[in-house]
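Computed from a predicted structure; not experimentally measured. Letters A, B, ... mirror the listed sequences (proteins, then strands); counts begin at 1.
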Amino acid sequence: MEIRFYNTLSHSVELFHPIDANEVRMYSCGPTVYDYAHIGNFRSFLFADLIRRFLEVSGYRVHHVMNITDVGHMTEDAVADGGGEDKMQVAMRKLKEGKKSGKAQEGAIENPDDPYQIAAYFTKAFLADAKRLGMKVAFEHPQNVLHATAYIDEMLAMIRDLIERGHAYAAQGVVYYSVESFPEYGKLSGNTLDKVQAGSGGRVSEEELATKRHPADFMLWKADPRHIMKWDSPYGQGYPGWHIECSVMARKALGDVIDIHTGGEDLIFPHHECEIAQTCGATGNDRFANFWMHARFLMVEGEKMSKSKGNFFTARDILGGKATGRAVHPAVLRFELIKSHYRANMNFTVKGLADSASAVRKLIEFRQSLDEKTGGEAATVDASHPVLKTFLEALSDDLNVSGALGVVFPWIAGDHPDPHESLAVFQEINCVLSVAPIEPFEGDAISLEGEGEELPVNDLCRQMDDARARKDWSAADTIRKTLQDAGYEVRNSPNGTVATRQLA
RNA sequence: GGCGCCGUAGCCAAGUGGCCUAAGGCAGUGGAUUGCAAAUCCACCAUCCCCGGUUCGAAUCCGGGCGGCGCCUCCA
C-alpha cells in the first residue's frame, strides 16, 4: 500500500517512505507547560497521534518523540533577543492571582515562586489530559516525552558546534544563529531572507540591529543572570533560545535525519524554519526531517479561539462540561478533534460535539455487541481484509479520516455473520481511531454505566420495569424523565430497561 | 505588500476528468416497531460559490471574479 502525505517542505503530496524500511522516526512539537493545554493544542497533538497509529496499523514500528517545553522563555522571544517578560514568571503571577485557565488544585504547588514546581504541575496536568484523550506517546513518558530542561548541556554542545562551523556568533551576551550562513533558510515557510527583511519594517529595534548581523538572525543563548531559570554557559549564565531544544532533542532521540516532524501551522515559521537551520548547520546534512506535517488551526464557533472572546477552552474545560453543560466523554472529544482533515481549519462547535457523541456511541455499542457475542475472542485478520483495506487506503491518502469513517459506518450497519472476524476488524480500526474504547485506556474509558452516581440508576430501571409490567404508564414515564434529566439515555427492551450516561 | 490553505445538502464532510442520475455522519421528514418514547430497520432529503474557457464529457483541468481562513510577530 502506498502512503502519501502532504509535505509542507515541498508544498505537495508525496509518497512516504521511511529511511529505515520498518521503523518510522517521528518528532512532534509538544506543549509549553505554563498553563493547561487547550483544545487547539490537542488538535495538533492528536493529529500526530493519528499519524502514528495509522503507521503502526500499516505495519511500521514508530518511534514517536514529543517535547515538553519547560524552560521559561520570554514573552517576546523570537523577534528580538529575548525581550518582554519571562513566561514562567507570568505563569507564577497568574497562578497567584487565580487567573489561570483553570484552578490549580489546592496544595498542588507548594511554592508558586519555584518555576520548576509550576512546570512540573502543568506537565502532570498535560500528561493526564493526553492520556485521557488516548495520546499514545503520553503513556511513554518519560522515555519518549522529553523535557527541555534535561537537555541544556546538549543544547550548549550544539551551540558550540554551530559557532565552530560558522553558523553562529556571540554578540553582547547573546549567541545568534546567522541565517545568512544557511542558504536554505526560508525554504520551509517561503519566508526567504529578502522577504523577511522586507517584512520586518519597524519591528526590529535599532539596538538589536546593531548587534545582529542580519535582522532575521535568531537567538540561541542569552546571558541574563536575572532570568528565573538559568544555567551556566561559556557565554554567561543565562537561558537557551526557544528553537534549539527541538533540534537537540530530536537529534539525540531519533538521529540526524528523521522521517516526520509535526506541529501546528503556526510553528512553520519561525520555529521549524529555525530548527532546520540549526540541525542542518550542526549535522552538515541538507535535511533534518524528510516530511514536515502541520495541522491547521482550530476555530471555535467560527471564530479564532481567544481568551478575550470567551471561547477559549482547555481540554479539561470541555471534558468537564464547560461548553455543553454536561460532562463530555473523552472519546467524544478525541473523535471530534480527529474527525476532520488536519489540513483544513476545523470549526469546533457544541453541535459538532453532540454529533461526535452520537457517532462514538454507535461505535462503542457496536463494539460491546461484538464482545458479548464472541466473549471477546477475535479471529485473526490482516490488512488484506476488504474492510480494513479500504479503511487504510483512505487514510493512506494524506490521512483522509472522513473517507475512512465513510467505510466504517456502513460496515457497522451491515450484517455480521462472523462476529469473531468482525471483532478482529474492529479492533484494528480502533487501533487508529481509539474511541471504542480509548486505547490504551485507564479506568472506565469504555463504560457507559452510571456507577457511583447520585442516582440509583439500576434500581430506577427495575422500578420502571415493574411499573411497565403493571401498565402504570405515568409512573414509568416519571422514572424515565428523572433519568433523562440526570443525563441518561433510557431504553426499554424485553430484557429490561437500560439507562446509559449521555456521552456529551 | 509577500507566502499558503480553502469554498460540495441545515451542519460536519468524501469524491479531484466518464461507474457522480455526488460516500459517510449528524439533524430533519415519512413508514415499520413501541403503552408513549428511545434505540433499531426501510424510504426520502444536494447538480457541487459565480462567470468564462479547455474537452465528446468537469464538482473534478485552466483563467478571472467573489467569499472565508492562516502565516509573515508569542501562539498547536
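- Counting only heavy atoms from C-beta outward, the side chains of A:F16 and A:D259 approach each other to under 4.5 Å.
- A heavy-atom distance below 4.5 Å is found between the side chains of A:P330 and A:L319.
- Ring planes of A:H243 and A:H271: tilted class, angle from 30 to 60°.
- Side-chain contact between A:D224 and A:K230: absent, with no pair of heavy atoms (C-beta onward) separated by less than 4.5 Å.
- Nucleotides B:G10 and B:C49, compared at atom P, are 13 Å apart to the nearest Å.
- With hydrogens and angles disregarded, a donor-acceptor distance shorter than 3.5 Å links the side chain of A:S247 to the backbone of A:E275.
- Looking at the side chain of A:R343, the nearest of the listed nucleotides B:C6, B:C74, B:A76 is B:C6.
- Contacts of A:G352 with the nucleic acid, taken as non-hydrogen atoms under 4.0 Å apart, are absent.
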Pick out the pairs of N or O atoms, protein on one side and nucleotides 35-37 of chain B on the other, that lie under 3.5 Å.
{"residue": "B:G35", "atom": "N7", "partner": "A:R468", "partner atom": "NH1", "Å": "3.0"}
{"residue": "B:G35", "atom": "O6", "partner": "A:R468", "partner atom": "NH1", "Å": "3.2"}
{"residue": "B:G35", "atom": "N1", "partner": "A:D477", "partner atom": "OD1", "Å": "3.0"}
{"residue": "B:G35", "atom": "N2", "partner": "A:D477", "partner atom": "OD1", "Å": "3.4"}
{"residue": "B:G35", "atom": "N2", "partner": "A:D477", "partner atom": "OD2", "Å": "2.8"}
{"residue": "B:C36", "atom": "O2", "partner": "A:R480", "partner atom": "NH2", "Å": "2.6"}
{"residue": "B:C36", "atom": "N3", "partner": "A:R480", "partner atom": "NH1", "Å": "3.3"}
{"residue": "B:C36", "atom": "N3", "partner": "A:R480", "partner atom": "NH2", "Å": "2.6"}
{"residue": "B:C36", "atom": "N4", "partner": "A:R468", "partner atom": "NH1", "Å": "3.4"}
{"residue": "B:C36", "atom": "N4", "partner": "A:N492", "partner atom": "OD1", "Å": "3.4"}
{"residue": "B:A37", "atom": "N1", "partner": "A:N492", "partner atom": "N", "Å": "3.4"}
{"residue": "B:A37", "atom": "N1", "partner": "A:N492", "partner atom": "OD1", "Å": "2.9"}
{"residue": "B:A37", "atom": "N3", "partner": "A:R480", "partner atom": "NH1", "Å": "2.7"}

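- If you take atom P in B:C61 and the same atom in B:G18, they sit 11 Å apart, rounded to whole Å.
- Residues passing the side chain to side chain contact (heavy atoms under 4.5 Å, CB included) test with A:D466, sequence neighbours excluded: A:R470.
- Between the CZ atom of A:F218 and the P atom of B:U73 there is a distance of 14 Å, given to the nearest Å.
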Between N or O atoms, less than 3.5 Å apart, protein on one side and nucleotides 66-71 of chain B on the other: list the pairs.
{"residue": "B:C69", "atom": "O2'", "partner": "A:N345", "partner atom": "OD1", "Å": "2.6"}
{"residue": "B:G70", "atom": "O2'", "partner": "A:E265", "partner atom": "OE1", "Å": "2.3"}
{"residue": "B:G70", "atom": "O2'", "partner": "A:E265", "partner atom": "OE2", "Å": "3.1"}
{"residue": "B:C71", "atom": "OP1", "partner": "A:K304", "partner atom": "NZ", "Å": "3.2"}

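- Remark: the backbone N or O of A:C246 is not paired with any side-chain donor or acceptor of A:N67 at under 3.5 angstrom.
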Grab the N/O contacts between the protein and nucleotides 15-22 of chain B below 3.5 Å, and write none if there aren't any.
{"residue": "B:G15", "atom": "OP1", "partner": "A:N400", "partner atom": "ND2", "Å": "2.7"}

Query raised in the report: Would A:R361 and A:E365 satisfy salt bridge (Lys or Arg N to Asp or Glu O under 4.0 Å), going step by step from the backbone distance to the final call?
Result: CA-CA 6 Å; A:R361 173 172 291 274; A:E365 287 179 349; 3.2 Å; yes
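- Annotation: B:G28 and B:C11 have their P atoms spaced 15 Å apart (nearest Å).
- Straight-line distance between the C1' atoms of B:U40 and B:A76: roughly 41 Å, to the nearest whole Å.
- Nucleic acid contact for A:H341: sugar-phosphate only, since backbone atoms but no base atoms lie under 4.0 Å from a heavy atom of the residue.
- If you take atom C1' in B:G35 and the same atom in B:A59, they sit 49 Å apart, rounded to whole Å.
- Using P as the reference atom, B:A23 and B:C56 are 28 Å apart when rounded to the nearest Å.
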Between the protein and nucleotides 23-29 of chain B, are there any N/O to N/O pairs under 3.5 Å, and if so, what are the atom names and distances?
{"residue": "B:A23", "atom": "N1", "partner": "A:S402", "partner atom": "O", "Å": "3.2"}
{"residue": "B:C26", "atom": "OP1", "partner": "A:K362", "partner atom": "NZ", "Å": "2.7"}
{"residue": "B:C26", "atom": "O2'", "partner": "A:D355", "partner atom": "OD1", "Å": "2.2"}

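- B:C45 sits 8 Å from B:A9 when the C1' atoms are compared, rounded to a whole Å.
- Residues passing the side chain to side chain contact (heavy atoms under 4.5 Å, CB included) test with A:N347, sequence neighbours excluded: A:M299, A:T349.
- Among the protein residues, A:S189 comes within range of the sugar-phosphate backbone only, with heavy atoms under 4.0 Å from sugar or phosphate atoms but none that close to a base.
- Place A:E489 and A:M305 on RNA chain B by their nearest nucleotides, and A:E489 ends up nearer the 5' end.
- Rounded to an integer number of Å, the gap from A:Y488 OH to B:A38 C1' is 17 Å.
- Taking atom P on both B:U55 and B:C69, the two are 38 Å apart, rounded to the nearest angstrom.
- Using cut-offs of 30° and 60° for the angle between ring planes, the A:F288 and A:W292 rings count as perpendicular.
- Taking the six-membered ring where the residue is Trp, the centroids of A:F348 and A:F42 are separated by 6.0 Å or more.
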Query raised in the report: Step by step, would you call A:D477 with A:R480 a salt bridge (Lys or Arg N to Asp or Glu O under 4.0 Å)?
Result: CA-CA 5 Å; A:D477 289 346; A:R480 176 157 58 208; 3.2 Å; yes
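- Side-chain contact between A:W411 and A:H416 is present, with heavy atoms from C-beta onward closer than 4.5 Å.
- In this structure, A:M135 places its CE atom 13 Å from P of B:A76, rounding to the nearest Å.
- Nearest heavy-atom pair, A:A216 versus A:Y185, reported as atom, atom and distance to 0.1 Å: O-OH, 4.5 Å.
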